[in-house]
Protein chains: 2
Amino acid sequence: MGLDNNDMNRLDQIIGRRRKVARGANLFRIGDGFQNLYAIRLGHFKTCQVSQDGVEQITGFQMAGELLGMDAISTDLHHCTAVALEDSEVCEIPFGSLQQLLGDMPTLLRHFHRMMSQEITREQSVMLLLGNMQATQRFAAFLINLSSRYEARGYSPHTYQLRMSREEIGNYLGLTIESISRLLSKFKKEGLLRVSNRELELLDPPRLKAIAAGTQTCA
Amino acid sequence: MGLDNNDMNRLDQIIGRRRKVARGANLFRIGDGFQNLYAIRLGHFKTCQVSQDGVEQITGFQMAGELLGMDAISTDLHHCTAVALEDSEVCEIPFGSLQQLLGDMPTLLRHFHRMMSQEITREQSVMLLLGNMQATQRFAAFLINLSSRYEARGYSPHTYQLRMSREEIGNYLGLTIESISRLLSKFKKEGLLRVSNRELELLDPPRLKAIAAGTQTCA
DNA sequence: CGTGAATTTGACTGACATCAACTCAGGTGG
DNA sequence: CCACCTGAGTTGATGTCAGTCAAATTCACG
């Protein structure tokens, strides 16, 4: 169920300019008008919501190959802010043109729907995480999730770099920076991983998965 | 940006049989194959995820006019279970037929995308709620959310019936049944609402909104 | 090196969970 | 009609996990 060459060519034609986004810069902000979806070519992003009292909640971390901006389709306004976690590059996909194309190309349409649907299920699993997992379990699930996403992209699932700060991890997982730090220390002590700054090595993925699944408690 | 009559007629043609779902019955279950989306005609549903260790997390409450099953598009398998909270009625929308129609009908396509996108933003706001709101704020936000949805459907925003148990509310909000009960009592004492069983009357919506927004703390 | 930011670690606190007892409404059968 | 039972909900006492506050340490970078 991939896109064929013809599909890809027609898709390429509507894809707008590549755009570089410097570390820390916004790709779009809450309230911005919606023109484009963005396909991440290079780098990492975070998306965040802001509550009425001004508190920020990170709703996801995105990496190369993922699509940004789908939440804006409903009202033609962006509902979250996307920030580059490192110097990154995206392709603009003008949504108007994409829509026209979708009408002609059932496979592309199907593909697009899958991506939106995937975002829905991703968010549901975060709700599960935030709603009834303990801190240890949340953090293990987070590490495993990154691991499998890197693996799917052909990178090592055991060794990767955290592109986000401890604070951002904490915010995403509904925990404080201190808790994240303690969890890292605990996992290190347990022989589950090796950390040095943002460089991470998972030493015992099966056990980490078991902790994430809740079938093992961790000391 | 509604659908015109012609659109509606063609849509009606593909809409399958109406299906009654008794209180407590499943409309679909995690792992079921995906055939149809479901438009709720009558009644209320909850959707829930189950974590690997068997804990249930309610990811949403849906009412008449809302669409169920969009999370299944990505893998052709349902990722959550939908349960009727009361005797309800849905329309089956065979997704295959819908897709064909979407190719021909740009307005319908646009409408469908908006609905999917809306689900994404809804979930993001739940993440915000679960990630960094206090119990009181979560519950106020929950009540206000229901209120505005009933209002949008032409029902009273001040007086409505809770279709779900205290336990279900707690599960959804990442709290226990006891906490929900205490919050109800607190709000009652504060003169914010009147409750009797599942019958609810919001006495001071502005203040409740302020609490939900985090701009007011509540005693 | 020196300065400020990010992270780690420790002590204490608090919000919500847990445990337990009690109330109440609704249904069932004598 | 009423005694009994059951399940939902309420209320109180206590415990605990993660938050808060504070200080120490390490890191990034001029």
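Lettering follows sequence order; numbering is per chain, from 1.
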Requested in this report: Measure from CZ on A:Arg198 to P on C:dA5 and round the result to the nearest Å.
Outcome: 16 Å
Query raised in the report: Is the closest side-chain donor-acceptor distance between A:Thr47 and A:Gln62 under 3.5 Å?
Result: yes
Query raised in the report: Any chance the rings of B:His78 and B:Phe34 have centres within less than 6.0 Å?
Result: yes
Report summary line: The answer to which of B:Asn197 and A:Asn197 contacts DNA chain D further toward the 5' end, by nearest nucleotide, is B:Asn197
Query - B:Lys188 NZ to D:dT11 C1', straight-line distance once rounded to whole Å - result: 11 Å
Query raised in the report: Looking at B:Gln134, does any N or O in its side chain come under 4.0 Å of the phosphate oxygens OP1/OP2 on C:dA15?
Result: no
Requested in this report: I would like to know whether A:Lys186 and A:Thr136 meet side chain to side chain donor-acceptor pair (under 3.5 Å); could you show each step before the answer?
Outcome: CA-CA 9 Å; A:Lys186 185 164 81 166; A:Thr136 308; 3.1 Å; yes
Query - Heavy-atom side-chain proximity of B:Leu192 to B:Leu202 below 4.5 angstrom - result: no
Query raised in the report: Taking CD from A:Glu199 and P from D:dC27, how many angstroms apart are they, rounded to a whole number?
Result: 14 Å
Query raised in the report: What is the distance from CD of A:Gln137 to P of D:dC17, rounded to the nearest Å?
Result: 14 Å
Requested in this report: Would you please classify the geometry between the B:His113 ring and the A:His113 ring as parallel, tilted or perpendicular, with 30° and 60° separating the classes?
Outcome: perpendicular
Query raised in the report: How many angstroms lie between CD in A:Gln49 and OG1 in B:Thr121, if you round to the nearest 0.5 Å?
Result: 8.0 Å
Query raised in the report: Base, sugar-phosphate alone, or nothing: which one does B:Arg138 contact when heavy atoms must sit under 4.0 Å apart?
Result: nothing
Report task. Using whole Å, report how far NZ of A:Lys189 lies from C1' of C:dT8. Result -> 11 Å
Query raised in the report: Nearest-Å distance, CZ (A:Arg166) to P (C:dA5)?
Result: 18 Å
Requested in this report: For the pair A:Glu190 and A:Arg207, find out whether any cationic side-chain nitrogen is under 4.0 Å from an anionic carboxylate oxygen.
Outcome: yes
Report task. Specify the separation, in whole Å, of atom CD of B:Gln161 and atom C1' of D:dA8. Result -> 15 Å
Report summary line: Which of A:Arg163, A:Arg23, A:Gln161 passes side-chain hydrogen bond (donor to acceptor under 3.5 Å, both in side chains) with A:Glu86? Answer is A:Arg163
Report task. State whether the number of non-hydrogen atoms from other residues, nucleotides or ligands found under 6.0 Å of B:Arg194 atom CZ is greater than 12. Result -> no
Query raised in the report: Atom CD of B:Glu168 to atom P of D:dG9: distance rounded to whole Å?
Result: 9 Å
Query raised in the report: So what is the end-to-end bend of the helix from C:dC1-D:dG30 to C:dG30-D:dC1, with 5 pairs used at each end and the value given to 10 degrees?
Result: 40°
Requested in this report: Mind listing the residues from residues 175-185 of chain B sitting with a heavy atom below 4.0 Å of DNA chain C? Number order is fine.
Outcome: B:Leu175, B:Thr176, B:Glu178, B:Ser179, B:Arg182
Report task. Using a 4.0 Å heavy-atom cut-off across all strands, classify A:Gly174 as base, sugar-phosphate, or nothing. Result -> sugar-phosphate
